[in-house]
Amino acid sequence: LGPNRWRQYRLRFGVEHSEVVISIGPIVNSALAPMDESGQRVARVKESSAVRYRIATVLTAMGRLREARDTYRSLAATKSSSQPQSDQEIADSAAEKAAELDRRIPKLAIRMQDNPPPEARVTVDGAPIPVSSTPRVIELDPGDHVVAATGKGTTASEKTVSMAEG
């Protein structure tokens, strides 16, 4: 904001409500000079490796392992020798975290019977899954998921499956 003028910002990651809370403090003028309107502009939060790493950590705590893993992977992919040492260390740690989450993410194999009924349709949590007699492995976050199947001339079926980490 300029000499003798500053504003305090505080970031808080709320796991309970899946949110990032940004508190913006008042403009402080340490020279006690009157402030003009430019001091009242809306602040922008600059994205950084440290912030993205923290967001991935919060996603992990919330059980959103796939999204956390993908965030860590994208951080690891940004590593370059031209980065500050701290960002390189974050990228290295992010690669380790992504590999760890790969092992923790539950996988569900779905296979349609041979000769499926016409217009067969399978969904997991409402998202369509391609119908195939070859097992199709999909990654899911831990928790309960609804697998549904329908087909022309058949009774619709729905089953809730509980997926645990590992």
Side-chain angles (χ1 to χ4, degrees), residues 9-24 42-84 86-166:
Y9 301 92
R10 188 175 72 214
L11 287 164
R12 182 172 47 98
F13 299 90
V15 176
E16 300 168 357
H17 303 290
S18 306
E19 63 186 356
V20 177
V21 179
I22 302 168
S23 300
I24 302 173
V42 176
R44 293 184 189 175
V45 177
K46 182 178 179 186
E47 183 177 311
S48 70
S49 295
V51 169
R52 289 175 50 210
Y53 188 92
R54 180 66 179 136
I55 289 170
T57 302
V58 171
L59 290 168
T60 301
M62 292 169 45
R64 293 167 57 181
L65 304 185
R66 294 175 302 151
E67 190 176 353
R69 187 247 349 250
D70 294 344
T71 301
Y72 283 129
R73 278 183 180 167
S74 71
L75 271 170
T78 64
K79 183 179 178 183
S80 80
S81 59
S82 64
Q83 288 179 312
S86 60
D87 284 352
Q88 291 180 34
E89 290 170 3
I90 288 171
D92 289 339
S93 179
E96 292 172 13
K97 295 281 190 179
E100 174 193 326
L101 286 174
D102 266 335
R103 293 186 293 275
R104 291 175 52 192
I105 293 173
K107 292 160 182 71
L108 178 67
I110 297 178
R111 182 181 73 81
M112 183 63 82
Q113 68 188 31
D114 291 334
N115 302 317
E119 300 175 28
R121 183 170 187 258
V122 177
T123 62
V124 175
D125 297 332
I129 303 298
V131 175
S132 172
S133 59
T134 304
R136 179 169 220 89
V137 178
I138 59 171
E139 296 178 333
L140 297 169
D141 286 323
D144 292 341
H145 299 275
V146 177
V147 179
T150 60
K152 189 173 186 178
T154 64
T155 304
S157 177
E158 185 174 288
K159 174 127 176 120
T160 299
V161 295
S162 292
M163 301 297 292
E165 288 186 24

Open item on the list: Restricting to salt bridge (Lys or Arg N to Asp or Glu O under 4.0 Å), what partner residues turn up for D87, sequence neighbours left out?
Closed with: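 Applying salt bridge (Lys or Arg N to Asp or Glu O under 4.0 Å) to D87 gives none.
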Open item on the list: According to salt bridge (Lys or Arg N to Asp or Glu O under 4.0 Å), who are the partners of E139, at least two apart in sequence or on a separate chain?
Closed with: R69
For [X], all residues meeting side chain to side chain contact (heavy atoms under 4.5 Å, CB included), sequence neighbours excluded:
| X | result |
| --- | --- |
| R111 | D114, P135 |
| E96 | none |
| A50 | S48, I90 |
| K159 | V161 |

Open item on the list: Could you check whether atom NZ of K152 has more than 12 heavy atoms from other residues, nucleotides or ligands sitting under 6.0 Å from it?
Closed with: no
Open item on the list: Atom CZ of residue position R136 - does it have more than 12 heavy atoms of other residues, nucleotides or ligands inside 6.0 Å?
Closed with: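 No, because the 6.0 Å sphere around CZ of R136 holds 12 heavy atoms or fewer from other groups.
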Open item on the list: Does any part of the side chain of R64, heavy atoms only, come nearer than 4.5 Å to the side chain of T71, both counted from C-beta?
Closed with: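 Answer no - side chains too far apart.
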The criterion is side chain to side chain donor-acceptor pair (under 3.5 Å); which residues satisfy it with [X], sequence neighbours excluded?
| X | answer |
| --- | --- |
| Q88 | none |
| E100 | R104 |
| T154 | none |
| S162 | D144 |

Open item on the list: How close do G63 and P142 get, counting heavy atoms only, and between which atoms?
Closed with: O-CD, 3.5 Å
Open item on the list: Under the criterion side chain to side chain contact (heavy atoms under 4.5 Å, CB included), I'd like the reasoning laid out for R73 against L101: C-alpha separation, chi angles, the key distance, then a yes or no.
Closed with: CA-CA 10 Å; R73 278 183 180 167; L101 286 174; over 6 Å; no
Task: Donor-acceptor pair, side chain of T60 and main chain of A56, under 3.5 angstrom - done: yes
Open item on the list: How long is the straight-line distance from CZ of R66 back to CG of D102, given to the nearest 0.5 Å?
Closed with: 12.5 Å
Task: From CG (L65) to CG (D70), nearest 0.5 Å - done: 11.0 Å
- [ ] Only pairs at least two apart or in different chains count here, so list each ring pair (Phe, Tyr, Trp, His ring centres under 6.0 Å) that has a residue in residues 52-78.
- [x]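 Matches after skipping sequence neighbours: Y53-Y72.
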Open item on the list: Tell me which pairs pass side-chain hydrogen bond (donor to acceptor under 3.5 Å, both in side chains) where either residue lies in residues 119-129, with sequence neighbours left out.
Closed with: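 Residue pairs passing side-chain hydrogen bond (donor to acceptor under 3.5 Å, both in side chains), neighbours aside: D125-H145.
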